[in-house]
Amino acid sequence: MDLIKTIEEQQKKKNPAPFKVGDTVKVHFEIIEGKTKRIQIFEGLVLCFKNSGIRKTFTVRKISYGVGVERVFPVNSPRVIKVELVRPGKVRRSKIYYVRDKIGKAGKIKELIGSKAREEMQASREAAKAADQTEAQIKAEAKAENAK
């Protein structure tokens, strides 16, 4: 068991993105199609966090052409380049599955405002700056591979 825990600790991300349930986020996700790599952005509402440690995941929901689309992302995945906080939300539950049944304005989450929201946005921006460097590296590698 100790061996497994040490391996998991090595693979954890150093600075996880500071976001919580109810926030609207942009997830920059690396897609590999054959030999080409690209970064796809998935923007939506964080519904829940599940598990813990290296296996921690979060679910993001968006409405695309009138249909609800959900996607589960591992927090510590190397393919998740960065998670950018768009709008902090104000919720009182840890899992907001009830949003799935809501339509239109009823499905909206209140926005968190004030000093607490400013602190969260500032922390998110700092984390995004660090992630931008990683994203630039991936784009440079992809460009070099395409040039060959």
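Remark: E70 pairs with R61, R100 by the salt bridge (Lys or Arg N to Asp or Glu O under 4.0 Å) rule, at least two apart or across chains. By the side-chain contact (heavy atoms from CB on, under 4.5 Å) test, R92 is found to be paired with no residue, residues two or more places apart in sequence or in another chain being considered. Every side-chain contact (heavy atoms from CB on, under 4.5 Å) that Q11 has, sequence neighbours left out, goes to I7, I54.
Open room surrounds CZ on R79; 12 or fewer heavy atoms of other groups in view lie less than 6.0 Å from it. More than 12 heavy atoms of other residues, nucleotides or ligands lie within 6.0 Å of CD1 in I31, so this atom counts as buried by the packing criterion. No more than 12 heavy-atom neighbours from other residues, nucleotides or ligands sit within 6.0 angstrom of NZ on K50. Taking a 6.0 Å sphere around NZ of K13, one finds it holds more than 12 heavy atoms contributed by other residues, nucleotides or ligands. Sparse packing is recorded around CD1 of I103, with 12 or fewer heavy atoms of other residues, nucleotides or ligands lying under 6.0 Å away.
Neither V75 nor V86 shares a network with the other; the hydrophobic side chains, linked directly or stepwise wherever heavy atoms of I, L, V, M, F, W or Y lie under 4.5 Å apart, form separate groups for each. In the hydrophobic clustering of ILVMFWY residues, with side-chain heavy atoms under 4.5 Å counting as a link, I41 and V69 come out apart. Under a hydrophobic-cluster definition in which Ile, Leu, Val, Met, Phe, Trp and Tyr are linked whenever side-chain heavy atoms come within less than 4.5 Å, directly or via other members, V60 and Y98 are assigned to the same cluster. Under a hydrophobic-cluster definition in which Ile, Leu, Val, Met, Phe, Trp and Tyr are linked whenever side-chain heavy atoms come within less than 4.5 Å, directly or via other members, I63 and V21 are assigned to different clusters. In this structure, V80 is not a member of the same hydrophobic cluster as V72, with clusters built from ILVMFWY side-chain heavy atoms closer than 4.5 Å.
Going from atom CD of E84 over to atom CG of D23 covers 12.5 Å, rounded to the nearest 0.5 Å. One finds the CD atom of E30 at 4.5 Å from the CD1 atom of I81 (value rounded to the nearest 0.5 Å). Of the inter-residue distances, the one linking R87 atom CZ with K26 atom NZ reads 13.0 Å to the nearest 0.5 angstrom. Taking CD1 of I109 as the reference point, atom NZ of K102 lies at 10.0 Å (rounded to 0.5 Å). A distance of 11.0 Å separates OG1 in T57 from CZ in F73, rounded to the nearest 0.5 Å.
For an aromatic pair to be called close, the ring centres must be under 6.0 Å apart, and F42 with F29 fails this.
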### Task
May I have the step-by-step check of salt bridge (Lys or Arg N to Asp or Glu O under 4.0 Å) for K5 and E8, ending in yes or no?
CA-CA 5 Å; K5 286 188 179 183; E8 285 180 354; over 6 Å; no

### Task
Give the C-alpha distance, both sets of side-chain angles, the deciding distance and a yes or no for salt bridge (Lys or Arg N to Asp or Glu O under 4.0 Å) between E111 and K90.
CA-CA 6 Å; E111 187 172 356; K90 182 180 178 184; over 6 Å; no

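One N or O on the side chain of K20 and one on the backbone of G89 form a donor-acceptor pair closer than 3.5 Å. Here the side chain of S77 pairs no donor or acceptor atom with the backbone of P74 at under 3.5 angstrom.
The two residues K95 and C48 make their nearest non-hydrogen contact at CG-CB, 3.9 Å.
Considering only heavy atoms from C-beta on, I96 comes within 4.5 Å of L45 through its side chain. Under the 4.5 Å side-chain criterion, counting only non-hydrogen atoms from C-beta, E9 is in contact with K12.
A salt bridge does not link E43 to K62: none of the charged side-chain nitrogens sits closer than 4.0 Å to a carboxylate oxygen.
Classification of the F49-F58 ring pair by plane angle, with boundaries at 30° and 60°, yields tilted.
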